[in-house]
Amino acid sequence: MGEAGREEYKIQSFDAETQQLLKTALKDPGAVDLEKVANVIVDHSLQDRVFSKEAGRMCYAIIQAESKQAGQSVFRRGLLNRLQQEYQTREQLRARSLQGWVCYVTFICNIFDYLRVNNMPMMALVNPVYDCLFRLAQPDSLNEEEEVDCLVLQLHRVGEQLEKMNGQRMDELFVLIRDGFLLPTGLSSLAQLLLLEIIEFRAAGWKTTAAAHKYYYSEVSD
């Protein structure tokens with residue numbers, strides 16, 4: 001099954017007209033308005049947490065299809081422009097909807113994970129992704145379990161890649177995380193546990209030992 005085929009199952013949460021638009025974008029990208037497609041995917045990602053976690057694969061499939069068919073990057077430009085717009089108003093987004101903000105961070109990290117230029121992550125996304133993670137590591141965010149969970153999940157997913165792109169910023173981020181863990185001001189026990197787990201995860205070279213996994217995740221499930 002090709003990339004397009006693998007993506008079709010993710011389209012079921014859209015209305016019939018949008019499903020058709022996305023299916024066409026995956027199979028015949030030249031036949032649709034790819035800027036509109038980019039906006040549809042970003043809009044849905046900001047509303048649907050499950051979709052935001054996996055939309056990067058769909059975006060990658062559309063980019064590959066467009067490049068193969070026409071040698072162009074209209075969709076990628078539209079996608080990055082829209083991500084930039086949302087990035088510039090991220091504080092307003094967070095104030096308006098914590099879930100929308102968490103979905104945005106999840107989505108941009110997912111895009112960073114999938115999109116490649118010469119088999120390397122896109123440099124244009126490195127600092128925006130870092131900035132989002134730094135925001136999640138601020139004291140007011142660490143008091144929100146939803147944001148702590150997002151921070152830790154994204155570091156599990158893209159932390160190692162980010163550190164390779166800019167190790168100094170990762171050091172600075174983990175100073176914030178350690179401060180948040182060591183100087184708790186109302187942190188929940190779950191938030192403290194998650195922060196300690198990600199500190200140890202990075203210290204072990206972005207790996208979890210079997211013993212650590214059993215300890216942390218049995219605690220989380222409890």
Side-chain angles (χ1 to χ4, degrees), residues 42 45-56 83 86-115 121-122 125-208 212-213 215-222:
V42 175
S45 293
L46 295 180
Q47 299 165 10
D48 184 333
R49 190 173 305 181
V50 174
F51 184 75
S52 71
K53 293 177 182 177
E54 296 297 337
L83 283 172
E86 298 295 337
Y87 166 79
Q88 290 172 341
T89 59
R90 60 194 181 281
E91 281 296 338
Q92 294 94 311
L93 173 60
R94 183 179 181 271
R96 185 171 67 250
S97 168
L98 197 64
Q99 179 174 326
W101 158 240
V102 166
C103 284
Y104 174 73
V105 178
T106 303
F107 180 62
I108 195 172
C109 288
N110 195 242
I111 295 298
F112 173 77
D113 193 23
Y114 276 104
L115 265 59
M122 292 189 68
L125 291 176
V126 173
N127 281 328
V129 169
Y130 262 123
D131 289 344
C132 289
L133 298 180
F134 268 78
R135 183 63 185 87
L136 291 174
Q138 298 303 313
D140 58 335
S141 289
L142 294 179
N143 283 321
E144 299 284 347
E145 283 188 359
E146 194 173 356
E147 289 184 276
V148 175
D149 187 57
C150 180
L151 172 63
V152 170
L153 285 172
Q154 302 322 310
L155 282 169
H156 270 280
R157 181 164 200 158
V158 299
E160 187 172 10
Q161 293 180 61
L162 280 172
E163 184 162 39
K164 289 175 181 176
M165 304 299 281
N166 189 331
Q168 181 180 341
R169 288 208 76 184
M170 188 61 73
D171 288 341
E172 293 166 357
L173 176 60
F174 270 79
V175 167
L176 279 180
I177 292 172
R178 282 194 299 270
D179 286 350
F181 173 74
L182 293 170
L183 303 171
T185 52
L187 260 63
S188 70
S189 57
L190 176 59
Q192 288 180 288
L193 188 74
L194 289 170
L195 293 179
L196 180 58
E197 188 272 337
I198 199 63
I199 290 168
E200 293 198 2
F201 183 70
R202 184 199 180 208
W206 302 102
K207 295 180 177 65
T208 303
H213 187 277
Y215 170 73
Y216 286 112
Y217 290 97
S218 65
E219 290 285 332
V220 169
S221 63
D222 289 346

Salt bridge Lys53-Asp48, side-chain N to carboxylate O under 4.0 Å: no
Gap between atom CD of Glu86 and atom CD of Gln92 - 0.5 Å precision: 10.0 Å
No-hydrogen, no-angle side-chain donor-acceptor test under 3.5 Å, Ser141 and Arg135: yes
Arg169 to Phe174, cation-pi by 6.0 Å centre distance and 45° axis angle: no
No-hydrogen, no-angle side-chain donor-acceptor test under 3.5 Å, Glu147 and Trp101: yes
Flag side-chain contact, heavy atom, 4.5 Å: Arg157 against Phe112: no
Close side-chain approach of Met170 to Leu155, heavy-atom, < 4.5 Å: yes
Within-4.5 Å side-chain heavy-atom neighbours: Leu196 and Glu200: yes
Side-chain (Glu144) to main-chain (Asp140) donor-acceptor, under 3.5 angstrom: no
Gap between atom CD1 of Ile198 and atom CD1 of Ile177 - 0.5 Å precision: 7.0 Å
Any residue meeting side chain to side chain donor-acceptor pair (under 3.5 Å) with Tyr130, in chain and number order, not counting sequence neighbours: none
Leu176 versus Phe134, closest heavy-atom pair with distance: CD1-CD2, 3.5 Å
Backbone of Leu83 reached by a side-chain donor or acceptor of Tyr104 within 3.5 Å: yes
Shortest non-hydrogen separation from Leu142 to Ala137 and the atoms involved: CD1-O, 3.5 Å
Side-chain heavy atoms of Asp113 within contact of Gln161, under 4.5 Å: yes
Gln99 CD to Thr106 OG1 distance, which is reported to the nearest 0.5 Å: 10.0 Å
Heavy-atom side-chain contact between Leu190 and Val148 under 4.5 Å: no
Gap separating the CG atom of Leu133 from the SG atom of Cys150, nearest 0.5 angstrom: 7.5 Å
Flag for Asn110-Glu54: side-chain donor and acceptor within less than 3.5 Å: no
Partners meeting side chain to side chain donor-acceptor pair (under 3.5 Å) with Glu145 (sequence neighbours left out): Ser188
Nearest non-hydrogen partners of Ala55 and Phe107, listed with the distance: CB-CE1, 3.5 Å
Gap separating the CG atom of Leu162 from the CG atom of Asn127, nearest 0.5 angstrom: 9.5 Å
Heavy-atom check, side chain of Val175 versus side chain of Arg178, under 4.5 Å: yes
Between CG on residue Leu187 and CG on residue Leu194, distance to nearest 0.5 Å: 10.0 Å
Quiz item: cation-pi between Arg90 and Tyr87, 6.0 Å / 45°: yes
Residue pair Arg49 / Glu146, side-chain heavy-atom distance below 4.5 Å: yes
Contact summary for Ser52 and Ser45, nearest pair of heavy atoms: CB-O, 3.4 Å
Aromatic plane relationship, Phe201 with His156 - under 30° parallel, 30 to 60° tilted, over 60° perpendicular: tilted
